[in-house]
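Notes follow the structure.
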Number of protein chains: 2
Amino acid sequence: MKARGRARSGGRTEILDAAAVAFMEYGFAGTSIDMVADVLGSTKGKIYYHFKSKTNLYLDVHRETMTAYIEAIEEVAKGAGTPLEKLHGVLMTLARQIMERLPYAKVAVEGVDMHMSRSTTPEQRAVLREIIDLRDRGEAILVGIIEDGMAQGLLRPCNPRLIVKPMLGALNWMTVWYRPRPEDTPESREALAETLVDYLLNGIAAPHRAEARA
Amino acid sequence: MKARGRARSGGRTEILDAAAVAFMEYGFAGTSIDMVADVLGSTKGKIYYHFKSKTNLYLDVHRETMTAYIEAIEEVAKGAGTPLEKLHGVLMTLARQIMERLPYAKVAVEGVDMHMSRSTTPEQRAVLREIIDLRDRGEAILVGIIEDGMAQGLLRPCNPRLIVKPMLGALNWMTVWYRPRPEDTPESREALAETLVDYLLNGIAAPHRAEARA
DNA sequence: GTCTATAGCGGGATAGAC
DNA sequence: GTCTATCCCGCTATAGAC
């Protein structure tokens, strides 16, 4: 029963947005808190009031991204449809998320293998664990769908744990080459996502060739 | 007709190797020259004797990676075979390169969208231009092969320029999850590469489904 | 709750010994 | 050609005003 109703975030969300934008541009080590404050239109005092350290801020951006991913994925995975349709839906959902929230997506990509070797504090390690758990949960959902699809003969026989890597990699790679353009519309983004996901499901070899190689 | 025969690199190559290892672990901004020197087993004096700045060193690692890629790709592309075979060969070549020279591959991935906004010197801009040209050349070769394959009916109709992105993205993403293990053999690496490339060519939908979606 | 000012330190780059 | 010593800037984080 929080005071002042509407659960206002008290500026935290705005800071996360600004941080995502700054981190996207220069990466964790290359971004100073002053740069984040510039994007935000304030000074670092505000940021340090809401976040203990730059590392904490970064981790929170990353966690926010993974939470959004997992929620979107689970909604599709719980819905109706064949495994092939669900797989299509999950990949589309991810592609959309990446395009619509590019700065957050970019942080998630950089943060994946950021060892944070210096994340000394136990509190930070806990957040890191949360992030990794979210990622694992997402991958597990995908793996489950692929296993179902194989069992039903809808998908080619494969090692799902392995196939998930290039699938997610291809989508995450959008953060490298995709940039929103003024002429982009929801429809054009949707078409782009569809093209990519269609490729990830069907490959590029012509159908009869696909059988020849199998 | 260089003196002292055999074109010895005078330590430059060793520095590049050490730098790649350090940059792989902590990224450009997160790596200090002292860290590179530690990996190298020397002090920064040596590094600054051979390279003007940290940025120059990083750019040279990146260029070295792209040069190796392009050479490997061109060898396959020039050889005999159908477009489908060539496409298979080029992707296999890249997958091998990434696994065998993981630190260099990782630098290439980080460096792709490192704006180097502060690469003030014209000399650095020139190297950056070289790197981008090498990448574009590689992509153009792939696009050409795909166009040939489409013309011969070996590949599904698609926009080659667009399809190349997830293809290379899936391979580059190996730098995120692949780590050499003691039990790895040349054969196991080859099998892994084959699995990934096979997926990128054939997708995951079962053949009859692939026709249904088309 | 957000500002200004500053402490303290890490790291890029250079000078000069050897 | 490589090392040691050092300059100096920029950045994290904090203290204290408002």
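Keep in mind that this is a model prediction, so the values were computed, not measured. Letters A, B, ... are given to chains in the order of the sequence lines, protein chains preceding strands, and every chain is numbered from 1. Scope of the values below: all heavy atoms of this structure, side chains included, with no hydrogens, waters or symmetry mates.
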Expressed in angstrom and rounded to an integer, what is the separation of A:His50 atom NE2 from D:dT14 atom P? 16 Å
Do A:Glu194 and A:His88 have side-chain N/O donor and acceptor atoms under 3.5 Å apart? yes
Could you tell me the separation between the CZ atom of B:Phe51 and the P atom of D:dG1, rounded to a whole number of Å? 14 Å
When rounded to whole Å, the CD1 to C1' distance for the pair A:Ile47 and D:dT14 reads 15 Å
Among D:dT2, C:dG12, C:dT6, find the nucleotide with the atom closest to the side chain of A:Lys44. C:dT6
Are the side chains of A:Thr82 and A:Glu85 in contact, using a 4.5 Å heavy-atom criterion? yes
Donor on one side chain, acceptor on other, B:Tyr178 and B:Asp184, under 3.5 Å: yes
Distance alone, cut at 3.5 Å: any donor-acceptor contact between the side chains of B:Tyr58 and B:Glu110? yes
Under 3.5 Å: donor-acceptor pair, side chain of B:Lys54, backbone of B:Thr31: yes
Could you tell me whether the phosphate oxygens of C:dA13, OP1 or OP2, come under 4.0 Å of any side-chain nitrogen or oxygen in B:Tyr48? yes
What is the separation between atom CD1 on A:Ile15 and atom P on C:dG1, rounded to the nearest whole Å? 12 Å
Tell me the interatomic distance from B:Ile33, atom CD1, to D:dC9, atom P, rounded to whole angstroms. 19 Å
When rounded to whole Å, the CG to C1' distance for the pair B:Asp34 and C:dT14 reads 14 Å
Over 12 non-hydrogen atoms of neighbours within 6.0 angstrom of CZ in A:Arg161: no
Among residues 36-43 of chain B, which residues get a heavy atom nearer than 4.0 Å to DNA chain C? none
Determine: side-chain N/O of A:Lys46 to OP1/OP2 of C:dG1, distance under 4.0 Å, yes or no. no
Distance check: side-chain N/O of B:Tyr49 vs OP1/OP2 of D:dG1, anything under 4.0 Å? yes
Report the distance from atom CG of A:Leu57 to atom P of D:dT12, rounded to the nearest whole Å. 11 Å
With a 4.5 Å cut-off on side-chain heavy atoms, are B:Leu57 and B:Phe28 touching? no
